[in-house]
*Asks:* 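Can you keep this structure in mind? I'll have questions shortly.
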Amino acid sequence: MLIYSKNRKLIGIFLAIFITLIALSPQFSGLNRFPDRIRVIEGKEQTLNLRIPFNFQLYTKDSGFLTINGTALKDKMNVNLKNPLSIRSSRLGTYDLEFRLFGIIPVKKMKLEVLPEMKVVPGGHSIGVKLRPDGVIVVGIASVIDEKGKTCYPAKEAGIQVGDTISMVNGYKIYTAEELSRIVNRDDDKTVTLTIKRNGKTFQTQLYAVKSKDGIYQIGLWVRDIAAGVGTLTFYDPESGYYGALGHIISDSDTGRIVEVGQGEIIRASITSIAPARKNVPGEKRGVFVEEERVIGNILSNTEFGIFGRIYQPVENPYYSEIPVALASFAREGKAQIMTVIDGERIEKFDIEIQKIIRQNFPSTKGMIIKITDPRLIEKAGGIVQGMSGSPIIQDGHLVGAVTHVFVNDPTRGYGVFAEWMLEEISKLKNERQVSNF
């Protein structure tokens, strides 16, 4: 009995050392790259390349709907993660998978989400963007010379800072600099109460309006009430009427602060010329708004993945009626195309190369590095320029992402964001609308 007990101890110690050595091996450490969650489209195959040279047993309680490497998964099966692992599901839903070493030791648990295929109309259209913040943005602090020639600093003394957003004046909601000035000069009491937004917090402050030599009451501020520019539409969802554009957040050019959406709209834009990009010199599309009074859509949200809202009339693309949206895990390194406008309103295709995929299990910007390879676009624009943000990236007949940023030291290269994350912003808008309607 004593000998048996000692043998069990020795076996236990040996197994513990063996498992520790395996866990510390470079091959086994590859499990750290194994996602906690993976998404697949119903009926379509998704491949994982983990390159971990070990055999595992794959377990699930949801048998009958999953196919692994072409074989139906029934409770458990052996898999070698040195080879690509292909997964397919014939039913929507969420499944729990578990990988075990030697069929005993739990190594990794993973959620498998099976989603319906989503199709959209790809963009490429140049759009004019007008975004009014939820108030007016302070872009400068100024002095005021009163009637007696004295220099006053009412805003500075009240603690107002560049980058603050003034949302209310004396209890009145404002959206424009004109409204701010009108209320300050209209009210008899020149004690002005301002509602300020700063770093996500809202507070009130008071100051006294100063009468200047020209008889106008001023509070010593420079403010901006609109952000405007030219960008590119990424996609349009014909089922819901929502769109996504730009692929990145809009921030104020002077303060660098994110512009909170108060009111916003998009209109048609025509590209009149392009200032080509060079090393350390960003280029830009130069355009004009077309039929400015005819708004084609609103702006409901301004996020790190772009701007989103509703388009009032259906959008058409000259190349595709609709194409499926690829999941982030679908994109691969290799040839692709972007669609954008470089002259007038005509959408064109241009060749690019996806040089690097940055694997992301959860929404994040900068999902891929792309390089412009089309000689005509390089000759015309030098590569990626301002106004090209939002240009859809098409690969293997799928919308995989959108152009977002350019590398300043090499304008032929830049970042792209995955279309999957942009589409999730549309889902948020749909859910918000359902809650508000309820």
Side-chain angles (χ1 to χ4, degrees), residues 128-231 248-267 282 284 286 288-289 292-293 295 298-303 307 386:
V129 178
K130 291 184 177 181
L131 181 60
R132 292 190 183 278
D134 190 22
V136 296
I137 299 174
V138 177
V139 296
I141 307 295
S143 61
V144 180
I145 309 298
D146 69 10
E147 293 177 299
K148 298 179 180 180
K150 181 182 177 181
T151 302
C152 306
Y153 299 90
K156 182 179 180 181
E157 292 170 359
I160 299 173
Q161 300 177 8
V162 171
D164 287 349
T165 298
I166 302 172
S167 59
M168 300 183 75
V169 183
N170 291 346
Y172 296 97
K173 181 66 180 174
I174 65 166
Y175 290 102
T176 68
E178 182 183 350
E179 290 172 339
L180 170 62
S181 178
R182 185 171 65 247
I183 294 172
V184 168
N185 280 272
R186 180 190 65 191
D187 294 351
D188 294 331
D189 186 358
K190 296 309 173 186
T191 301
V192 180
T193 301
L194 302 178
T195 301
I196 306 290
K197 291 183 179 180
R198 180 188 299 164
N199 298 328
K201 296 181 179 180
T202 302
F203 61 93
Q204 289 187 335
T205 188
Q206 286 188 332
L207 50 79
Y208 191 78
V210 176
K211 189 175 183 180
S212 62
K213 288 184 176 181
D214 55 9
I216 298 174
Y217 284 90
Q218 299 178 353
I219 57 177
L221 287 176
W222 292 101
V223 298
R224 176 182 290 116
D225 56 17
I226 190 170
V230 173
H248 63 74
I249 203 163
I250 296 178
S251 56
D252 182 75
S253 58
D254 288 318
T255 67
R257 300 285 181 88
I258 296 170
V259 179
E260 295 184 33
V261 178
Q263 300 171 342
E265 58 194 38
I266 59 172
I267 55 182
E284 66 173 337
R286 294 169 179 164
V288 295
F289 295 167
E292 194 167 348
E293 71 287 349
V295 175
N298 60 21
I299 301 174
L300 298 176
S301 64
N302 175 32
T303 79
I307 60 170
Q386 295 178 38

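Worth saying up front: this structure is predicted, and the values here are computed from it rather than measured.
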*Asks:* Would you check if N170 and V192 make a side-chain contact, meaning some heavy-atom pair closer than 4.5 Å?
*Replies:* yes
*Asks:* Can you tell if the side chain of I196 reaches within under 4.5 Å of the side chain of I166, non-hydrogen atoms only?
*Replies:*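 In contact.
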*Asks:* Using atom types as modelled and distance alone, determine if a side-chain donor or acceptor of D225 lies under 3.5 Å from a backbone N or O of V136.
*Replies:* no
*Asks:* Output the distance between atom NZ (K150) and atom CD1 (I145), rounded to the nearest 0.5 Å.
*Replies:* 11.0 Å
*Asks:* In Å and rounded to the nearest 0.5 Å, what is the CD to OG1 distance from Q204 to T193?
*Replies:* 6.5 Å
*Asks:* Near E178 CD, under 6.0 Å, is it more than 12 heavy atoms from other residues, nucleotides or ligands?
*Replies:*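 Count not over threshold, so no.
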*Asks:* Assess whether side-chain contact (heavy atoms from CB on, under 4.5 Å) is satisfied between I219 and Y208, documenting all intermediate values.
*Replies:* CA-CA 7 Å; I219 57 177; Y208 191 78; over 6 Å; no
*Asks:* Side chain of K190, backbone of N185: donor and acceptor closer than 3.5 Å?
*Replies:* yes
*Asks:* For R132 and T176, what are the C-alpha separation, side-chain angles and deciding distance, and is it a side-chain contact (heavy atoms from CB on, under 4.5 Å)?
*Replies:* CA-CA 8 Å; R132 292 190 183 278; T176 68; 3.7 Å; yes
*Asks:* Roughly how far, to the nearest 0.5 Å, is the NZ atom of K148 from the NZ atom of K211?
*Replies:* 12.0 Å
*Asks:* Is V184 close to Q218 at the side-chain level, that is, under 4.5 Å between some pair of heavy atoms?
*Replies:* no
*Asks:* From L207 CG over to L221 CG, what is the distance, rounded to the nearest 0.5 angstrom?
*Replies:* 7.5 Å
*Asks:* If I compare all heavy atoms of V138 with all of I141, which pair ends up nearest, and what's the gap?
*Replies:* CG1-CD1, 3.9 Å
*Asks:* Would you check if the side chain of N302 reaches a backbone N or O of I250 as a donor-acceptor pair within less than 3.5 Å?
*Replies:*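 Pair found, side chain donor or acceptor close to backbone of I250.
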*Asks:* Which atom names give the shortest non-hydrogen contact between T205 and A158, and what distance separates them?
*Replies:*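 Minimum heavy-atom separation between T205 and A158: OG1-O, 3.1 Å.
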*Asks:* Provide the closest heavy-atom pair for Y175 versus P133 in the form atom of the first, atom of the second, distance.
*Replies:*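 Reported closest heavy-atom pair: CD2-O, 3.8 Å.
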*Asks:* Report yes if the side chains of M168 and I183 come closer than 4.5 Å at any heavy-atom pair, otherwise no.
*Replies:*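 The answer is no, as the side chains (C-beta and beyond) never meet within the 4.5 Å cut-off.
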*Asks:* So which atom in A155 and which in G220 form the shortest heavy-atom distance, rounded to 0.1 Å?
*Replies:*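 Minimum heavy-atom separation between A155 and G220: CB-O, 3.4 Å.
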*Asks:* Check for a donor-acceptor pair, side chain of T165 on one end and backbone N or O of K197 on the other, with a separation under 3.5 Å.
*Replies:*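 Not a single qualifying donor-acceptor pair exists.
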*Asks:* If you take all heavy atoms of K130 and F289, which pair is closest and at what distance?
*Replies:* CE-CE1, 3.7 Å
*Asks:* Measuring from atom CD of E147 to atom NZ of K213, what distance do you get when rounded to the nearest 0.5 angstrom?
*Replies:*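 Rounded to the nearest 0.5 Å, the CD-NZ separation comes to 10.5 Å.
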*Asks:* Do R182 and Y172 form a cation-pi contact, if we require the NZ or CZ to be under 6.0 Å from the six-membered ring centre and within 45 degrees of the ring's axis?
*Replies:* no
*Asks:* Please round to the nearest 0.5 Å and tell me the distance separating atom CD1 of I249 and atom CD1 of I307.
*Replies:* 11.0 Å
